[in-house]
There are 2 protein chains.
Amino acid sequence: MMTERTTADTLAKTLRDAIIRFSRRARQARPVGDLTFSQLSALTSLQLAGTLTPRELADVERVQPPTMTKIVGKLEERGLVARRRHPTDGRQVILEATDEGRAVYALHERARNEWLAGALDRLTPEEQETLATAAEILHRIARG
Amino acid sequence: MMTERTTADTLAKTLRDAIIRFSRRARQARPVGDLTFSQLSALTSLQLAGTLTPRELADVERVQPPTMTKIVGKLEERGLVARRRHPTDGRQVILEATDEGRAVYALHERARNEWLAGALDRLTPEEQETLATAAEILHRIARG
DNA sequence: CGAGCTTGTTAGCTAAGCTAAGGATCGTGA
DNA sequence: TCACGATCCTTAGCTTAGCTAACAAGCTCG
């Protein structure tokens with residue numbers, strides 16, 4: 001229906017606007033160290049999954065394979081991620097976070113979350129609930 | 001309290017995760033033409049405000065002034081934004097969207113919103129309401 | 001075995017973002 | 001008045017993120 005479509009359009013605009021600004025604000029909250037947003041995100045996905053191939057990680061992160069090659073390269077340089085050969089398929093590579101990767105991740109994650117968690121702490125429980133639900137919805141949309 | 005802080009931490013992580021993926025997904029939905037995410041965002045802010053100085057626009061967009069110089073430069077090259085001299089302060093510059101800027105913006109905005117509005121259309125009214133509220137909260141957090 | 005697909009990487013590009021530094025202009029206080 | 005500090009914008013130079021195109025290696029299946 002006309003009105004509903006208009007509602008969706010308006011919401012789409014509002015939402016995109018809010019998210020791009022939020023995103024940039026979050027990006028500004030740099031951790032003490034040197035892990036970037038994308039690197040941290042990749043490391044997180046890798047840790048949650050245990051092991052992944054580069055392609056799988058690229059899919060999860062919604063990025064093209066060459067982009068993931070670069071990100072993984074940076075993480076590997078710092079000894080946070082290790083490459084292993086696939087036992088049966090010579091084309092594939094298996095990625096895994098190292099112990100140091102896990103430790104460094106936890107540290108940076110905490111620093112990175114600081115301002116956001118602080119801001120969330122100042123919200124009402126209802127607002128927190130709203131954001132939690134919204135996060136689930138956004139995740140679903142991004143996946144679709 | 002301990003538990004609340006933990007809740008905020010968890011929510012922070014979930015939210016960041018959802019947003020970064022959503023963001024990348026949105027970025028993939030390229031319009032027909034050539035305006036990028038950041039350019040479109042700047043053009044939007046400028047149009048909504050009417051006129052802004054580069055610094056004001058940088059603040060709104062949560063970006064450093066040199067970054068905004070580049071973005072505005074791209075927009076100006078394409079004749080979408082015009083620079084004017086400030087009537088009394090010789091240091092400042094006044095930015096404004098041109099007619100063509102407004103037209104191109106509307107076009108690209110529509111294309112860009114397509115997948116998102118489509119996805120939003122498939123949500124229940126309650127979910128849409130949740131996202132609308134969440135957008136407001138996120139905007140407030142980003143501003144703080 | 002050979003053709004074709006899949007995986008990962010390399011090469012090369014653009015855009016986005018930052019800091020540092022500089023030039024022009026404004027405002028103010030001696 | 002005028003010199004000095006502050007403000008605004010831009011330039012220069014860098015890193016990261018992201019893309020496509022192309023390619024080498026390996027798998028698969030007729």
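Lettering of chains follows the sequences in order, A, B, ..., and the numbering in each one begins at 1. These figures come from a predicted structure and were not determined experimentally.
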Q: Measure the distance from CD on Glu77(A) to C1' on dT9(C) and round it to the nearest whole Å.
A: 15 Å
Q) For DNA chain D, what residues of residues 43-58 of chain B have any heavy atom nearer than 4.0 Å? A) Thr53(B), Pro54(B), Arg55(B)
Q | Between dG18(D) (P) and Met68(A) (CE): distance, integer Å | A | 8 Å
Q: Specify the separation, in whole Å, of atom NZ of Lys70(A) and atom P of dT14(C).
A: 13 Å
(Q) Counting only side-chain heavy atoms from C-beta out, which of dA17(D), dC18(C), dA16(C) sits nearest to Ser38(B)? (A) dA16(C)
Q) If the sugar-phosphate is the primed atoms plus P, OP1 and OP2 and the base is the rest, what is the B/S/- string for nucleotides 24-30 of chain D, using protein heavy atoms under 4.0 Å? A) --BS---
Q.
Just N and O in the side chain of Gln39(B): are any of them under 4.0 Å from OP1 or OP2 of dA16(C)?
A. yes
Q | Side-chain N,O (Arg85(B)) to OP1/OP2 (dT25(C)) below 4.0 Å | A | no
Q.
When you measure from the side-chain N and O atoms of Thr36(A) to the phosphate of dT15(D), is any distance below 4.0 Å, counting only OP1 and OP2?
A. no
Q. Sub-3.5 Å donor-acceptor pair from the side chain of Thr130(B) to the main-chain atoms of Ala134(A), do we have one?
A. no
(Q) Given 3.5 Å as the limit, does a donor-acceptor pair link the side chain of Glu61(A) with the main chain of Ala58(A), or not? (A) no
Q. Among dC18(C), dT9(C), dC19(D), which nucleotide sits nearest the side chain of Val63(B)?
A. dC18(C)
Q) Does Leu40(A) offer a backbone N or O that forms a donor-acceptor pair with the side chain of Thr44(A) under 3.5 Å? A) yes
Q. Any side-chain N or O of Lys74(A) under 4.0 Å from OP1/OP2 of dT16(D)?
A. yes
Q: Can you figure out which of dC19(D), dG17(C), dT9(C) approaches the side chain of Gln64(A) most closely?
A: dC19(D)
(Q) Check this one for me: any side-chain N or O of Gln92(B) less than 4.0 Å away from OP1 or OP2 of dA24(C)? (A) no
Q. Can you check whether Thr53(A)'s main-chain N or O pairs, donor with acceptor, with Glu56(A)'s side chain at less than 3.5 Å?
A. yes
(Q) Looking at Arg102(A) and Glu96(A), is any side-chain nitrogen of the basic one under 4.0 Å from a carboxylate oxygen of the acidic one? (A) no
Q: Whole angstrom is fine here: how far is it from CD in Glu76(A) over to C1' in dG8(C)?
A: 13 Å
Q) Separation of Arg62(B) atom CZ from dA16(C) atom P, in whole Å? A) 19 Å
Q: Would you confirm whether Ser41(A), through its side chain, and Phe37(A), through its main-chain N or O, come within 3.5 Å as a donor-acceptor pair?
A: no
(Q) Does dC18(C) have its OP1 or OP2 closer than 4.0 Å to a side-chain nitrogen or oxygen of Thr67(B)? (A) yes
Q: Could you walk me through whether Thr98(B) and Val81(B) pass side-chain contact (heavy atoms from CB on, under 4.5 Å), step by step?
A: CA-CA 5 Å; Thr98(B) 64; Val81(B) 161; 5.7 Å; no
(Q) In whole Å, I'd like the distance from the CZ atom of Arg83(A) to the C1' atom of dG8(C). (A) 9 Å
Q | Residue list, side-chain contact (heavy atoms from CB on, under 4.5 Å) with Gln39(B), at least two apart or on another chain | A | Leu35(B), Thr36(B), Ile71(B), Lys74(B), Leu75(B), Arg78(B)
(Q) Looking at Ala142(B), is its backbone amide N or carbonyl O close enough to the side chain of Arg62(B) to form a donor-acceptor pair, meaning the two atoms are under 3.5 Å apart? (A) yes
